[in-house]
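Working notes for the structure below.
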Amino acid sequence: MTKVKKKKKKNHLPLRLNILFFAVFLLFSLMIVRLGVVQLVHGETFREEVERTEDITIGTMVPRGKIMDRNQNVVVDNNALNAIIYTRYPTTTSEQILETATKLSKLITMKTDRITERDRKDYWILLHPEEAKEKITKEEWVLFEEGELEDQDLYRLQLDRITEEEQNSFTKEELQILAIKREMDSGYALTQIIIKSDVTEREYARVSENLALLPGVDIATDWERGYPYDETLRSVLGKVTTRQEGLPSEKVDYYVSRGYSRNDRVGKSYIEMQYEDVLFGKKGQIQNITDKAGNVLSSTIISEGEAGKDLILSLDINLQIEVEKIIEEELAAAKGRAGNHMLDRAFVVMMNPKTGEVLSLAGKQYTKENGKTVMKDFALGTITTSYPMGSAVKGATLLTGYETGAIQPNTVFYDAPLVIKGTPPKASYRNMGNVNDLTALRLSSNVYMFHTVIKIGKGQYIPNGPLSLSADVFDTLRYYFSQFGLGVKTGIDLPNESIGFKNTTETSPGLALDMGIGQYDNYTPLQLAQYVSTIANDGYRMQPQILKEIHDPEKSGEGTTGKMIYSSEPKVLNRIDMKKEYIDRVKEGFRQAFQESGGTAYSHFNLASAPYSAAGKTGTAETLYYGPNESYRGSDTYNLTLVGYAPHDDPEVSFSIVVPWVNDSDQINKNIGKRIMDAYFELKEKGSKS
């Protein structure tokens, strides 16, 4: 029997294992390659990411620069205040802030008047999280889960549904905590904010002893602006924002781009605002190193900072005080005289006509406060309010007449009322007969100026006939007047200066005549001072300057000003386009008005009573009342003015005085003028220091 061999079954398992092992080998190889790439190629990058830190530099508080007068008397200072400050870290939570505020509330007392309705609602939600959740309906939770509502939507609904009773449910202790927390929440991360300034010595000591329990809290010295001379010049010196106000909303981007923090105090008006870049100072610098999570790893003081630079003004505070006192006394006296029921203000500007340095910028105004009449500082009115100035501008009218060829020195006109068809007679305060230009200034002849304007306007006066003048007569007058500073900006280094008011509602020939005697366009008291200064300075119009010097801050303990880093130089704005002999002619007329018998200011400035030899011009403008008292609006009244300078042959001081809405027979303008000039020369003789 033949045996049949069985065929062996081939085993495929080793092949499969080999494939599996090979696949595993490939995977391991790829993983090893990948690890190698990570370690060798990207290892440094990943290690840097793990160890990444951030360098954040923040600024610390420094005081503003001081403001002093020309004799280095401090008129704006910094009063030191004990303060509690807080720096919030990037990782600080609301719960941690609340915990710190709770601890701090046991050490200091806070005012709660700044707490808002929103503050109360936010605080209520923080203290009552479960009740706050219950203010959201089931349907609204479903919408939230479905993505139809977001976190902020739910929070807004919770805020809207908090009742007034719940808002007012806080205890006094809780309100203290909220007041502190409110300030702590107001700052940005790693930025110092003041929780409380003007801290008592006891509060300062208690907080100092517990700093270890109050993360982010520290003690410091803050400042507030101090005014050694109280209200003197306050409106011109300007104001500084509070910590709560911080940066003005309209200038936030500008200031932030220059390194300011949003809660920094900055000048918000006049000198404080004009010289903000100088007064602000250089903040101290603290370098904070934080890790990826925002934890502060280290803090290093880079610089201690430096107080703002000090300003020295051209103003003389002692003269300013005397001028303000004189205005107050003369205003009070005039208010008691008949016909002065509309009178409520008066202004004085004094300056050096050769340099433009403003020596005094003063104004006073009667106002109502709490039902009582008080006299307030209104120095700003010298640059922001304007009035018809009357005959004080006749010097400009004559000079315009000379330059246009309308008149010549010693031209004579007959002073008698002008009768123009269709208009009331236009006259001087009395008939003067034949007068020349000098007599016209000495006696203040209106008719002489009327004839001069008629000649400027290429007209011809015919009694009882119509008057026709060239169409450009107003433009001609304004062109020459502007060379003296009338009707244009003076260039003073203060914001918000008015250019006055150009009256263009009517342009009849009779109104052109009125313009020649200062009863048409309106000018500011400062423009009037620049006008007379230009004449006193032989036709050179100087830019009025408030700033005299800038100094580095004084070194601690030395009590002297720091190094001078800037000194203003006199700036000529223009030389009036007229012959010097014409200017000298007007100056002689001004001298006669003050020093010769019959002059409109002779009674106050004759050499026997005013040996400093002054010159100038009085002014009375017929006008309508347009002040704050509505019951007087539209009533006939007068503005009294006075301009002058001394000594007449080598002027060192010039002035303008403007007293609106007063009886035309009053002498208040001359009384003020005489007294301020007496004060100037008396202080000069004594040496005006402190």
Side-chain angles (χ1 to χ4, degrees), residues 49-50 52 54 56 84 86-191 193-196 213-217 243-247 249 252-253 256 261-263 290-296:
E49 180 65 21
V50 171
R52 182 172 63 86
E54 189 170 358
I56 302 175
I84 308 299
Y86 176 70
T87 305
R88 180 168 61 84
Y89 299 109
T91 55
T92 303
T93 64
S94 294
E95 290 74 17
Q96 290 171 328
I97 291 176
L98 178 60
E99 181 182 354
T100 301
T102 302
K103 293 177 181 177
L104 192 55
S105 70
K106 303 181 187 305
L107 305 176
I108 64 174
T109 301
M110 293 284 287
K111 293 181 179 180
T112 59
D113 56 340
R114 294 187 62 245
I115 296 175
T116 65
E117 179 182 337
R118 176 58 186 267
D119 294 330
R120 289 174 177 267
K121 289 183 175 183
D122 289 333
Y123 191 40
W124 188 89
I125 292 174
L126 187 62
L127 294 182
H128 305 88
E130 295 304 320
E131 291 99 317
K133 286 183 181 179
E134 293 175 1
K135 292 188 178 292
I136 305 300
T137 66
K138 291 181 180 179
E139 292 78 9
E140 288 165 345
W141 281 118
V142 170
L143 291 174
F144 174 71
E145 292 171 357
E146 293 176 351
E148 296 294 323
L149 293 176
E150 298 182 358
D151 288 330
Q152 60 266 32
D153 299 318
L154 296 185
Y155 194 77
R156 187 175 64 254
L157 291 170
Q158 290 172 325
L159 291 172
D160 293 340
R161 292 166 184 171
I162 295 173
T163 66
E164 187 173 343
E165 181 181 356
E166 288 168 335
Q167 292 179 47
N168 297 320
S169 64
F170 303 116
T171 65
K172 290 182 179 180
E173 291 76 15
E174 288 173 331
L175 286 176
Q176 283 288 301
I177 296 170
L178 173 56
I180 294 171
K181 182 180 181 299
R182 182 185 189 282
E183 300 304 322
M184 296 171 70
D185 286 334
S186 66
Y188 292 88
L190 296 178
T191 299
I193 60 114
I194 293 179
I195 297 175
K196 182 181 180 181
L213 304 175
L214 302 166
V217 175
R243 284 283 180 191
Q244 290 72 34
E245 290 175 309
L247 303 180
S249 58
V252 167
D253 293 340
V256 169
S261 299
R262 290 178 180 267
N263 63 342
T290 64
D291 61 17
K292 184 180 180 181
N295 298 303
V296 177

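Numbers here are sequence positions counted from 1. Here the structure is a predicted model, which is why all the values come from computation and not from measurement.
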### Message
Let's go through Gln158 and Ile136 carefully: what are the C-alpha distance in whole Å and the side-chain angles of both, what is the deciding distance for side chain to side chain contact (heavy atoms under 4.5 Å, CB included) to 0.1 Å, and is it a yes or a no?
### Response
CA-CA 7 Å; Gln158 290 172 325; Ile136 305 300; 3.7 Å; yes

If every non-hydrogen atom of [X] is compared with every non-hydrogen atom of [Y], which pair is closest and at what distance?
X	Y	value
Ile97	Arg88	CD1-CD, 3.5 Å
Ile177	Ser105	CG1-OG, 3.5 Å
Thr109	Gln176	CA-OE1, 3.4 Å
Glu166	Lys135	OE1-NZ, 3.2 Å
Ser169	Glu174	O-OE1, 4.2 Å

[Y] side chain reached by [X] side chain, heavy atoms, under 4.5 Å:
X	Y	value
Thr116	Asp119	yes
Lys172	Thr112	no
Leu127	Phe170	yes
Leu107	Leu214	yes
Ile180	Ile84	no

### Task
I would like to know whether Tyr123 and Leu98 meet side chain to side chain contact (heavy atoms under 4.5 Å, CB included); could you show each step before the answer?
CA-CA 10 Å; Tyr123 191 40; Leu98 178 60; 3.8 Å; yes

Could you grab the distance from atom [atom1] of [X] to atom [atom2] of [Y], nearest 0.5 Å is fine?
X	Y	atom1	atom2	value
Thr163	Asn168	OG1	CG	8.5 Å
Ser186	Ile194	OG	CD1	10.0 Å
Tyr86	Leu104	OH	CG	10.5 Å
Arg118	Arg182	CZ	CZ	12.0 Å
Met184	Thr87	CE	OG1	10.0 Å

### Query
Can you check salt bridge (charged side-chain N to carboxylate O under 4.0 Å, His left out) on Glu117 and Lys121, steps first, answer last?
CA-CA 6 Å; Glu117 179 182 337; Lys121 289 183 175 183; 3.2 Å; yes

### Query
Looking at Arg114 and Glu183, does any basic side-chain N land under 4.0 Å from a carboxylate oxygen?
yes

### Message
Check Lys103 with Glu99, please: is the shortest side-chain N to carboxylate O separation under 4.0 Å?
### Response
yes

#### Entry: Asp160, CG atom: more than 12 neighbouring heavy atoms under 6.0 Å
yes

May I have the list of side-chain donor-acceptor pairs in residues 148-155 shorter than 3.5 Å, sequence neighbours left out?
residue: Glu150; atom: OE1; partner: Gln152; partner atom: NE2; Å: 2.7
residue: Asp153; atom: OD1; partner: Arg156; partner atom: NH1; Å: 3.4
residue: Asp153; atom: OD1; partner: Arg156; partner atom: NH2; Å: 3.3
residue: Asp153; atom: OD2; partner: Glu150; partner atom: N; Å: 2.8
residue: Tyr155; atom: OH; partner: Asp122; partner atom: OD1; Å: 2.7

### His128 and Trp124 aromatic ring geometry - parallel, tilted or perpendicular at 30°/60° bounds
parallel

### Task
Begin from the C-alpha positions of Ile193 and Arg243 and carry the test side chain to side chain contact (heavy atoms under 4.5 Å, CB included) through to its verdict.
CA-CA 9 Å; Ile193 60 114; Arg243 284 283 180 191; over 6 Å; no

